[in-house]
Amino acid sequence: MKFFVDTAEVSEIRELHEIGLLDGVTTNPSLVAKSGRDFKEVVKEICEILPGMPVSAEVAATDYDGMMAEGKVLAALADNVVVKVPLTLDGLKACKHLTDQGIKVNVTLCFSANQALLAAKCGATYISPFIGRLDDLNLDGMELIGDIRVIYDNYGFETEILAASIRSANHVSQAALAGADVSTIPPAVLKKLASHALTDKGLDAFVKDWKATGQSIV
Ligand code: E4P
């Protein structure tokens with residue numbers, strides 16, 4: 001499974017990239033607003049940190065013409081920009097026409113299998129089903145990932161399933177089990193994936209026992 005980090009905070013992206021955990025980045029207007037940075041500047045900076053890795057940058061327009069105009073500006077920022085459009089009829093049309101021009105598109109705000117089917121038919125590179133926001137409504141976000149996997153496999157669609165709105169470490173492993181190609185994960189959740197109480201306990205014991213030997217390795 002590929003890991004994208006879901007943030008517009010450059011310092012967090014650098015830190016996780018240095019560990020070697022990242023395959024890409026997703027941003028959205030809320031995350032850009034939270035960063036307090038200029039949108040185009042921050043997208044360019046992220047693209048430079050992760051050359052060749054996909055960096056999703058979302059259009060602000062909601063009409064087809066506006067999305068096309070903004071999508072082209074965003075795609076021109078760097079070779080690795082993926083234009084993110086909402087799952088509306090205008091967004092699907094923009095997906096189709098941007099894709100036809102060789103621009104990669106991530107269709108976001110997907111909440112149903114039918115929506116995912118439409119995005120694949122319009123040539124989306126990624127479809128972003130929002131797990132956490134479905135769970136918030138007592139619906140089953142993970143079931144949606146599994147349904148999309150079956151549908152895409154039934155028809156050989158190459159659109160990658162990008163599990164989004166991930167809220168917990170369990171979401172990541174469940175999305176992997178359900179067959180998502182990618183998870184986009186908030187930095188804090190990504191770091192938590194490494195944690196286990198038994199790892200901490202075991203390491204404490206090893207450190208204590210090693211000290212008792214009085215030896216050093218270097
Ligand atoms: C990613 O592409 C989405 O914008 C993001 O995962 C949404 O997450 P949220 O529901 O926690 O805001």
Side-chain angles (χ1 to χ4, degrees), residues 1-8 10 13 17 22-33 35 37-130 148-149 151-165 180-184:
M1 169 178 262
K2 284 180 263 189
F3 280 178
F4 293 176
V5 64
D6 197 26
T7 185
V10 166
I13 293 167
H17 180 46
L22 296 187
D23 300 295
V25 175
T26 54
T27 65
N28 64 36
S30 308
L31 294 170
V32 172
S35 78
R37 298 266 320 263
D38 175 85
F39 179 34
K40 287 189 268 184
E41 252 179 48
V42 82
V43 168
K44 273 202 267 189
E45 197 176 335
I46 295 169
C47 287
E48 279 166 18
I49 298 169
L50 301 177
M53 296 190 200
V55 175
S56 287
E58 188 160 340
V59 297
T62 56
D63 64 297
Y64 167 75
D65 289 331
M67 284 190 237
M68 288 300 289
E70 291 180 0
K72 286 178 200 167
V73 168
L74 294 174
L77 293 176
D79 289 346
N80 46 335
V81 166
V82 175
V83 175
K84 211 168 166 191
V85 301
L87 210 155
T88 59
L89 287 176
D90 278 30
L92 290 168
K93 187 175 169 188
C95 172
K96 163 81 179 130
H97 291 270
L98 289 168
T99 300
D100 284 350
Q101 293 177 30
I103 294 171
K104 290 188 174 166
V105 178
N106 174 358
V107 180
T108 189
L109 290 167
C110 170
F111 295 95
S112 77
N114 280 331
Q115 288 182 315
L117 185 52
L118 296 185
K121 288 182 74 68
C122 291
T125 303
Y126 301 100
I127 181 68
S128 290
F130 276 38
I148 299 171
R149 180 74 280 153
I151 290 169
Y152 282 8
D153 289 350
N154 280 349
Y155 298 99
F157 286 121
E158 288 178 6
T159 300
E160 293 191 45
I161 303 171
L162 198 175
S165 190
D181 299 287
V182 191
S183 276
T184 188

Atom pairs and distances, side-chain donor-acceptor, residues 105-114, under 3.5 Å, sequence neighbours left out:
{"residue": "Asn106", "atom": "OD1", "partner": "Ser128", "partner atom": "OG", "Å": "2.8"}
{"residue": "Asn106", "atom": "ND2", "partner": "Ser56", "partner atom": "OG", "Å": "3.1"}
{"residue": "Ser112", "atom": "OG", "partner": "Gln115", "partner atom": "N", "Å": "3.1"}

Residues in ring pair (Phe, Tyr, Trp, His ring centres under 6.0 Å) with Phe39, at least two apart?
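Applying ring pair (Phe, Tyr, Trp, His ring centres under 6.0 Å) to Phe39 gives none.
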Under the ring pair (Phe, Tyr, Trp, His ring centres under 6.0 Å) rule, collect the residues that match up with His17, sequence neighbours excluded.
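Ring pair (Phe, Tyr, Trp, His ring centres under 6.0 Å) list for His17, sorted by chain: empty.
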According to side chain to side chain contact (heavy atoms under 4.5 Å, CB included), who are the partners of [X], at least two apart in sequence or on a separate chain?
| X | result |
| --- | --- |
| Thr62 | none |
| Thr125 | Lys104 |
| Asp79 | none |
| Pro54 | Phe4, Val82, Tyr126 |

Applying side-chain hydrogen bond (donor to acceptor under 3.5 Å, both in side chains), name anything that partners Asn28, two or more places apart in sequence or on another chain.
none
[X] versus [Y], closest heavy-atom pair with distance:
| X | Y | result |
| --- | --- | --- |
| Ala57 | Val81 | CB-CG1, 4.4 Å |
| Ala119 | Ile127 | CB-CD1, 3.5 Å |
| Thr159 | Ala120 | OG1-CA, 3.4 Å |
| Pro51 | Asn80 | CA-ND2, 4.0 Å |
| Ile46 | Thr7 | CD1-O, 4.5 Å |
| Cys95 | Cys122 | SG-O, 3.4 Å |

Reference residue Asp6; test side chain to side chain contact (heavy atoms under 4.5 Å, CB included); the match among Leu162, Thr26, Thr27:
Thr26
Would you indicate whether the side-chain heavy atoms of [Y] and [X] approach each other to under 4.5 Å?
| X | Y | answer |
| --- | --- | --- |
| Arg149 | Ile161 | yes |
| Pro86 | Met67 | yes |
| Val10 | Ile49 | yes |

Could you check whether atom CD of Glu158 has more than 12 heavy atoms from other residues, nucleotides or ligands sitting under 6.0 Å from it?
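Not buried by this count: 12 neighbours or fewer within 6.0 Å.
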After noting the C-alpha distance and the side-chain angles of Ile13 and Val5, does the key distance pass the side chain to side chain contact (heavy atoms under 4.5 Å, CB included) rule?
CA-CA 7 Å; Ile13 293 167; Val5 64; 3.9 Å; yes
Can you list the residues that meet the salt bridge (Lys or Arg N to Asp or Glu O under 4.0 Å) rule with Asp90, with sequence neighbours excluded?
none
Would you compute the distance between atom OH of Tyr152 and atom CG of Leu117 and round it to the nearest 0.5 angstrom?
7.5 Å
Just verifying a value: how many Å separate Leu118 CG and Leu87 CG, rounded to the nearest 0.5 Å?
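Interatomic distance, Leu118 CG to Leu87 CG, rounded to 0.5 Å: 7.0 Å.
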By the salt bridge (charged side-chain N to carboxylate O under 4.0 Å, His left out) test, which pairs, at least two apart or in different chains, include something from [range]?
| range | result |
| --- | --- |
| residues 112-124 | none |
| residues 45-74 | Arg14-Glu45, Arg37-Glu45, Glu58-Lys84 |
| residues 92-103 | Lys96-Asp100 |

Asp23 side chain to Phe3 backbone, donor-acceptor under 3.5 Å:
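Checking the backbone N and O of Phe3 against the side chain of Asp23, a donor-acceptor pair under 3.5 Å is found.
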Test side chain to side chain contact (heavy atoms under 4.5 Å, CB included) on Lys40 and Leu77 and set out the steps.
CA-CA 7 Å; Lys40 287 189 268 184; Leu77 293 176; 4.0 Å; yes
